Each structure stands twice: as structure tokens, then as C-alpha cells.
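To keep things clear, I will list the structure first and then write my remarks on it.
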Amino acid sequence: MKVTVYTQPDCPPCQVVKQFLQHHNIPFENIDISEDPRAKEYLVYDLQSFSTPTVTVDEDVVKGFDLQTLQKLLRIEE
């Protein structure tokens, strides 16, 4: 399973999502869209997302702060 988190500075929900993944020992790639213009274009045009955090889990896309959907996709039971 490949997990990618698209973030930007000063985004409290982004920090919460990353902490959530770390807490559950889910490896992920963090991409700061403020430092990578191509990643920002990919986020907007390919993933059709206009907010951070946006998380991809394989082919699934979770737009915005949605821990419930992440739990289901990652099969995490609380």
C-alpha cells in the first residue's frame, strides 16, 4: 500500500493527519506543495483537490481532513 500526503506549511489538519499515520505506523511520503510546483499542479489537475491535506492511498484519494475515511482505507480499527 502506497500512502502519500500532500501538505503545506501552517496547515494544522496536515499535522494531525501525519501524526495519525505515524501513530499507526503507516509509512507515507510527505509532499509539501509549496516547495514543489509540479506536485501542486498534480494535486489540482489530476487529483481534482484544492485543499490540504490530501492523501492518496494507492488509487484512492481523500480530500481534506477526513480521518474516518483514512481509517477505512487503511483498515485501522480504533
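Predicted, not measured: the structure shown is a model, and the values here were computed from it. The analysis underlying the following values was restricted to heavy atoms, covering all of them including side chains, and did not include hydrogens, waters or symmetry mates.
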Does any part of the side chain of Thr4, heavy atoms only, come nearer than 4.5 Å to the side chain of Val55, both counted from C-beta?
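When only atoms from C-beta onward are counted, Thr4 and Val55 do not touch, as no gap falls below 4.5 Å.
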Would you say that Arg75 contacts Met1 through its side chain, given a criterion of any heavy-atom pair below 4.5 Å between the two side chains?
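Yes; the side chains approach each other to less than 4.5 Å.
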Pairs touching residues 3-61 that satisfy disulfide (SG to SG under 2.5 Å), sequence neighbours left out:
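Every pair satisfying disulfide (SG to SG under 2.5 Å) with a residue in residues 3-61: Cys11-Cys14.
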Pairs meeting criterion disulfide (SG to SG under 2.5 Å) with involvement of residues 17-47, two or more places apart
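Of all non-adjacent pairs touching residues 17-47, none passes disulfide (SG to SG under 2.5 Å).
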Can you list everything that forms a side chain to side chain donor-acceptor pair (under 3.5 Å) with [X]? Sequence neighbours excluded, please.
{"X": "Thr56", "value": "none"}
{"X": "Gln22", "value": "none"}
{"X": "Thr69", "value": "Asp66"}

Return the CD1 to NE2 distance between Ile76 and His24, rounded to the nearest 0.5 Å.
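If we round to the nearest 0.5 Å, Ile76:CD1 and His24:NE2 are 4.5 Å apart.
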Steps toward side-chain hydrogen bond (donor to acceptor under 3.5 Å, both in side chains) verdict (Gln8, Ser34):
CA-CA 6 Å; Gln8 59 185 329; Ser34 72; over 6 Å; no
Side-chain (Thr52) to main-chain (Thr54) donor-acceptor, under 3.5 angstrom
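No: the side chain of Thr52 does not pair with the backbone of Thr54.
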If you link ILVMFWY side chains whenever their heavy atoms are less than 4.5 Å apart, which other residues fall into the same cluster as Ile33? By chain and number, please.
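Traced through the cluster, Ile33 reaches Tyr6, Ile31, Tyr42, Leu43, Leu47, Val61.
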Enumerate the salt bridge (charged side-chain N to carboxylate O under 4.0 Å, His left out) contacts for [range], please, sequence neighbours excluded, ordered by first and then second residue.
{"range": "residues 52-64", "result": "none"}
{"range": "residues 19-48", "result": "Lys2-Glu29"}
{"range": "residues 5-17", "result": "none"}
{"range": "residues 18-27", "result": "none"}

Neighbour count above 12 (heavy atom, 6.0 Å) for Phe50 CZ
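Counting neighbours around CZ of Phe50, more than 12 heavy atoms of other residues, nucleotides or ligands fall under 6.0 Å, so yes.
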CD of Gln68: more than 12 outside heavy atoms within 6.0 angstrom?
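No, the 6.0 Å shell around CD holds no more than 12 heavy atoms from other groups.
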List in chain and number order the residues that pass side chain to side chain contact (heavy atoms under 4.5 Å, CB included) with Val16, two or more places apart in sequence or in another chain; answer none if no residue qualifies.
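Partners of Val16 by the side chain to side chain contact (heavy atoms under 4.5 Å, CB included) criterion, ordered by chain and then number, come out as Phe65, Leu67.
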